[in-house]
Amino acid sequence: MKQHHEKPEPTQLSSAEQTRLALIRAALTLFGRHGYDATTTREIAAAARANIGSIAYHFGGKDGLHAACAQHIVETIRGIAGDALEVPEVAPDISPEQAGMILEGALSRMVAFIVARPEGGEIVQFILRELNRPTSALNTIYFGVFEPVHKRLCAIWSAATGEEPNSERTMLTVFTLLGQVVYFRIGREAVSRRMGWKVIGPTEADAIMDVARANLRAILAARRAEQA
């Protein structure tokens, strides 16, 4: 079934909340593009179309805004992960088929957000910058998202295949599943040129998801066959 990638109806935000969110989004883009040191608060305020004093008002300064960007990423990705975070570490009542469907759902949400939506690019760029030049923000993202989401996905993988959740093979498999999605963001220009796509939007994301879903099902089938 195709995913329509419809955006949820936005919650009505107050003027102050709108300014705060605009500053975070502008900072995500600029920190990701230029790095923390090379980005000024004046540039962020201008990009957000906000008064420069609003950064100090909402975040206490540049450091606070940088930390808020990391927390925004945590909250956003936890929302995307959805069911993956709601499944308990040990879920003996989940059938292999149900676990497989949960994995497909998590993968689908990742493709819809990371590949098709501009905000996904801002987040990936920020994270890549942190991975290359770590700051305290990386700790927030790692312990808030990377580790817990990966652990839960490994637990779901275990329920789907019977493999040990903390085995090297399981952990690397989950990283591979996630990495194939991220590539379509970081390799966006190369993919567009090779595929002859002018944009990567919902239609293109559906095509990517079809292949990612087939990859997941093929790996699951092979692993289950090994366990039989």
- Query: How far apart are the C-alpha atoms of Arg129 and Phe31, what are their side-chain angles, what is the distance that settles it, and do they pass the side chain to side chain contact (heavy atoms under 4.5 Å, CB included) test?
  - Reply: CA-CA 8 Å; Arg129 173 73 65 171; Phe31 285 144; over 6 Å; no
- Task: Quick one: list whatever passes salt bridge (Lys or Arg N to Asp or Glu O under 4.0 Å) with Glu104, sequence neighbours left out.
- Result: Arg213, Arg217
- Task: Return the minimal non-hydrogen interatomic distance between Gly100 and Leu220, and the atom names on each side.
- Result: CA-CD1, 4.2 Å
- With side chain to side chain contact (heavy atoms under 4.5 Å, CB included) as the test, would you mind laying out the steps for Leu153 and Leu178 before giving the verdict? CA-CA 10 Å; Leu153 290 175; Leu178 300 175; 3.9 Å; yes
- Glu119 CD to Ile73 CD1 distance, which is reported to the nearest 0.5 Å: 12.5 Å
- Taking atom CE of Met171 and atom SG of Cys154, what is their separation to the nearest 0.5 Å? 6.5 Å
Which pairs of donor and acceptor atoms, one on a side chain in residues 58-65, lie under 3.5 Å apart (sequence neighbours left out)?
residue	atom	partner	partner atom	Å
Lys62	NZ	Tyr36	O	2.8
Lys62	NZ	Thr39	O	2.6
Asp63	OD1	Tyr36	OH	2.1

- Item | Heavy-atom pair of closest approach, residues Ala50 and Thr19 | CB-CG2, 4.1 Å
- Can any side-chain N or O of Thr140 pair as donor or acceptor with the backbone N or O of Gln71 at less than 3.5 Å? no
- Task: For the residue pair Val145 and Ile127, establish whether any side-chain heavy-atom pair is separated by less than 4.5 Å.
- Result: no
- Using the rule that two of Ile, Leu, Val, Met, Phe, Trp, Tyr join whenever any of their side-chain heavy atoms come within less than 4.5 Å, decide whether Leu30 and Ile52 are in one cluster. no
- Query: So which heavy atom on Pro134 is nearest to which on Leu138, and how close?
  - Reply: CB-CD2, 3.8 Å
- Derivation and outcome, side chain to side chain contact (heavy atoms under 4.5 Å, CB included), residues Trp157 and Ile219: CA-CA 11 Å; Trp157 180 266; Ile219 298 172; 3.4 Å; yes
- Item | By ring-ring contact (aromatic ring centres under 6.0 Å, His included) - contacts of Phe175 (at least two apart) | His150
- If you take all heavy atoms of Glu204 and Gly201, which pair is closest and at what distance? OE1-N, 2.8 Å
- Task: Check the pair Leu28, Gln125 against side chain to side chain contact (heavy atoms under 4.5 Å, CB included), reporting the backbone distance first and the verdict last.
- Result: CA-CA 8 Å; Leu28 271 174; Gln125 190 174 47; over 6 Å; no
- So, the side chain of Glu75 versus the backbone of His72: is there a donor-acceptor pair under 3.5 Å, distance only? no
- Message: Give me each pair satisfying side chain to side chain donor-acceptor pair (under 3.5 Å) with a member in residues 42-57, each pair once, sequence neighbours excluded.
- Response: Thr40-Glu43
- Query: Got a sec, which residues hit salt bridge (Lys or Arg N to Asp or Glu O under 4.0 Å) with Glu226, two or more places apart in sequence or on another chain?
  - Reply: Arg169
For residues 181-192, please give each side-chain donor-acceptor pair under 3.5 Å, one per line with the distance, not counting sequence neighbours.
residue	atom	partner	partner atom	Å
Arg185	NE	Ile114	O	2.8
Arg185	NH2	Ile114	O	2.9
Arg185	NH2	Val115	O	3.3
Arg185	NH2	Arg117	O	2.8
Arg188	NH1	Val115	O	2.7
Arg188	NH2	Val115	O	3.3
Arg188	NH2	Ile200	O	2.9
Glu189	OE2	Arg193	NE	2.9
Ser192	OG	Arg188	O	3.0

- Message: Could you see if Leu103 belongs to whatever hydrophobic cluster contains Val211? Use Ile, Leu, Val, Met, Phe, Trp, Tyr and a side-chain cutoff under 4.5 Å.
- Response: no
- Task: Apply ring-ring contact (aromatic ring centres under 6.0 Å, His included) to His34 and list each qualifying residue two or more places apart in sequence or on a separate chain.
- Result: none
- Message: So which atom in Val74 and which in Gly144 form the shortest heavy-atom distance, rounded to 0.1 Å?
- Response: CG1-O, 3.7 Å
- Message: Is there a side-chain contact between Tyr142 and Leu131 in this structure, where contact means two heavy atoms from C-beta onward sitting under 4.5 Å apart?
- Response: no
- Message: Holding to side-chain contact (heavy atoms from CB on, under 4.5 Å), I want the full list of residues that pass it with Gln98, two or more places apart in sequence or in another chain.
- Response: Ile94, Ser95
- To the nearest 0.5 Å, tell me how far Arg25 CZ sits from Ile123 CD1. 9.5 Å
- Looking at residues at least two apart in the chain, or sitting in another chain, which of them share a side-chain contact (heavy atoms from CB on, under 4.5 Å) with Gln180? Leu107, Leu177, Ala212, Asn215
- Message: A quick test of your reading: do over 12 heavy atoms of other residues, nucleotides or ligands sit less than 6.0 Å from CD of Glu97?
- Response: yes
- Query: Can you name the side-chain contact (heavy atoms from CB on, under 4.5 Å) partners of Ala26, sequence neighbours left out?
  - Reply: Ile44, Ala47, Ala48
- Task: For Leu172, check side-chain contact (heavy atoms from CB on, under 4.5 Å) against everything at least two apart and list the hits.
- Result: Glu168
- Query: If you round to the nearest 0.5 Å, how far is OG of Ser14 from CZ of Arg20?
  - Reply: 10.5 Å
- On a heavy-atom basis, the closest approach of Glu163 and Thr170 is OE1-OG1, 3.5 Å
- Which residues pass the ring-ring contact (aromatic ring centres under 6.0 Å, His included) test with Phe126, sequence neighbours left out? His66
- Hey, what do you get for OG (Ser108) to CD1 (Ile208), rounding to the nearest 0.5 Å? 12.0 Å
- Message: Is it true that Glu130 and Thr135 share a donor-acceptor pair across their side chains at a distance under 3.5 Å?
- Response: yes
- Message: Between Met195 and Val111, is there shared hydrophobic-cluster membership here, with clusters defined by ILVMFWY side-chain heavy atoms closer than 4.5 Å?
- Response: yes
